[in-house]
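Take a look at the structure set out below.
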Number of protein chains: 2
Amino acid sequence: MQHRLDDIDRKILALLQQDGRMSLADLADKVGLSPSPCLRRVRIMEKAGIISRYVAVLSQQSVGLPVSVFISIKLESQREDALNKFGKAIARWPEVLECYLMTGPRDYLLRVVVADLAAYEQFLKQKLTRLDGIASIESSFALEQVKYTNVLPI
Amino acid sequence: MQHRLDDIDRKILALLQQDGRMSLADLADKVGLSPSPCLRRVRIMEKAGIISRYVAVLSQQSVGLPVSVFISIKLESQREDALNKFGKAIARWPEVLECYLMTGPRDYLLRVVVADLAAYEQFLKQKLTRLDGIASIESSFALEQVKYTNVLPI
DNA sequence: ATTGAAATTCTTTGGAT
DNA sequence: ATCCAAAGAATTTCAAT
């Protein structure tokens with residue numbers, strides 16, 4: 001699973017993180033290879049799971065889902081099965097874009113994306129609060145997305 | 001800037017969010033169009049900014065950056081120029097993948113990605129705490145990324 | 001707005017270094 | 001491990017509906 005990345009690999013990753021549809025010819029050119037070894041490297045990194053997937057990133061605004069809500073959740077029990085059960089339930093809901101198990105007083109941190117406050121209320125009432133084992137919920141709203149990138153500082 | 005999406009558009013977006021490299025032939029087939037009108041729709045949504053970009057998503061683990069830290073920051077002043085200045089400084093640092101201006105007692109919420117605790121300490125000491133105007137900082141660590149997706153529930 | 005086919009460009013394979 | 005060149009796919013354009 002461990003794979004030693006050299007400078008060319010890192011350059012390929014940096015470029016593909018910025019433009020996942022860059023043509024192989026361009027990519028090869030920019031890293032100083034010809035297309036076939038460049039493709040070879042890309043395929044190796046895909047198979048190794050270094051490149052997980054290629055996706056289109058949409059604008060939340062443009063599709064009518066401008067609101068990000070961060071929800072901190074404390075469970076009644078931190079036993080592993082309780083945590084796992086909760087995690088699985090959460091992961092099924094499409095409104096939840098990110099979910100982290102956290103250190104500190106709160107167990108989970110979620111980023112939930114909705115159209116407006118009414119939709120958020122619906123999510124809370126019809127989904128989140130119907131789960132068993134929640135001790136407390138705390139919500140904060142994002143007024144502005146100042147930065148949002150997938151680019152890892154490799 | 002407003003663009004009315006029909007069912008086919010939404011289907012295209014759903015598919016491209018899951019696989020940004022799906023071939024046009026496949027995509028067209030799955031939404032019940034021939035390639036050219038399908039491409040037309042994609043191009044329109046790209047130009048309208050609905051599709052912001054195409055990217056490769058990497059595994060944090062595999063590239064040696066397994067740690068996500070959420071940092072809540074309160075500023076001394078919430079004046080617009082103070083907020084903007086802070087936002088711009090934050091956005092420049094590659095360790096910061098996400099940054100939100102928030103409601104409530106904390107002004108900013110950041111997701112910072114690092115290799116380990118030592119790298120986090122470096123980030124704090126050499127970057128974040130050197131900014132003027134910070135009243136307080138609070139960090140929580142993600143033990144596990146339970147869900148992380150770009151797929152918006154359109 | 002969509003079709004279907006032609007033209008172009010890109011990806012992918014394989015033999016040679 | 002990389003290069004070059006040929007083969008195979010895919011994207012993109014355009015005249016017609």
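Just so it is clear: chains get the letters A, B, ... in the order the sequence lines come, proteins before strands, and each one is counted from 1.
Between A:Arg41 and A:Asp6 there is a salt bridge, since at least one side-chain N of the basic residue sits less than 4.0 Å from a carboxylate O of the acidic one. By the 4.0 Å N-to-carboxylate-O rule, A:Arg21 lies too far from A:Asp26 to be salt-bridged with it. In this structure, B:Glu98 does not pair ionically with A:Lys147, as no charged nitrogen and carboxylate oxygen lie closer than 4.0 Å. Under a 4.0 Å N-O distance rule, the pair B:Glu95/B:Lys127 qualifies as a salt bridge.
At the phosphate of C:dT13, neither OP1 nor OP2 sits under 4.0 Å from any side-chain N or O atom of A:Arg40.
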With 3.5 Å as the limit, what N/O pairs link the protein to nucleotides 10-13 of chain D?
{"from": "D:dT11", "atom 1": "OP1", "to": "B:Leu24", "atom 2": "N", "distance (Å)": "2.7"}
{"from": "D:dT11", "atom 1": "OP2", "to": "B:Leu24", "atom 2": "N", "distance (Å)": "2.9"}
{"from": "D:dT11", "atom 1": "OP2", "to": "B:Ala25", "atom 2": "N", "distance (Å)": "3.4"}
{"from": "D:dT12", "atom 1": "OP1", "to": "B:Arg43", "atom 2": "NH2", "distance (Å)": "3.1"}
{"from": "D:dT12", "atom 1": "OP2", "to": "B:Arg43", "atom 2": "NH2", "distance (Å)": "2.5"}

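A distance of 9.5 Å separates OG in B:Ser52 from CD in A:Gln60, rounded to the nearest 0.5 Å. Rounded to the nearest 0.5 angstrom, A:Asp9 CG and A:Ile51 CD1 are separated by 9.0 Å.
Inter-axis angle, ends of the helix from C:dA1-D:dT17 to C:dT17-D:dA1, five pairs per end, rounded to 10 degrees: 30°.
Screening residues 64-83 of chain B for ring-ring contact (aromatic ring centres under 6.0 Å, His included), with sequence neighbours left out, gives A:Tyr100-B:Phe70.
For B:Ile8 and C:dA1, the CD1 to C1' distance is 10 Å, given to the nearest whole Å. If you measure from atom OH of B:Tyr54 to atom C1' of C:dC10, you get 17 Å, rounded to the nearest angstrom. Spacing between atom CZ of A:Arg41 and atom C1' of D:dT2 amounts to 9 Å, rounded to whole angstrom units. Spacing between atom CG of A:Leu27 and atom P of C:dT12 amounts to 12 Å, rounded to whole angstrom units.
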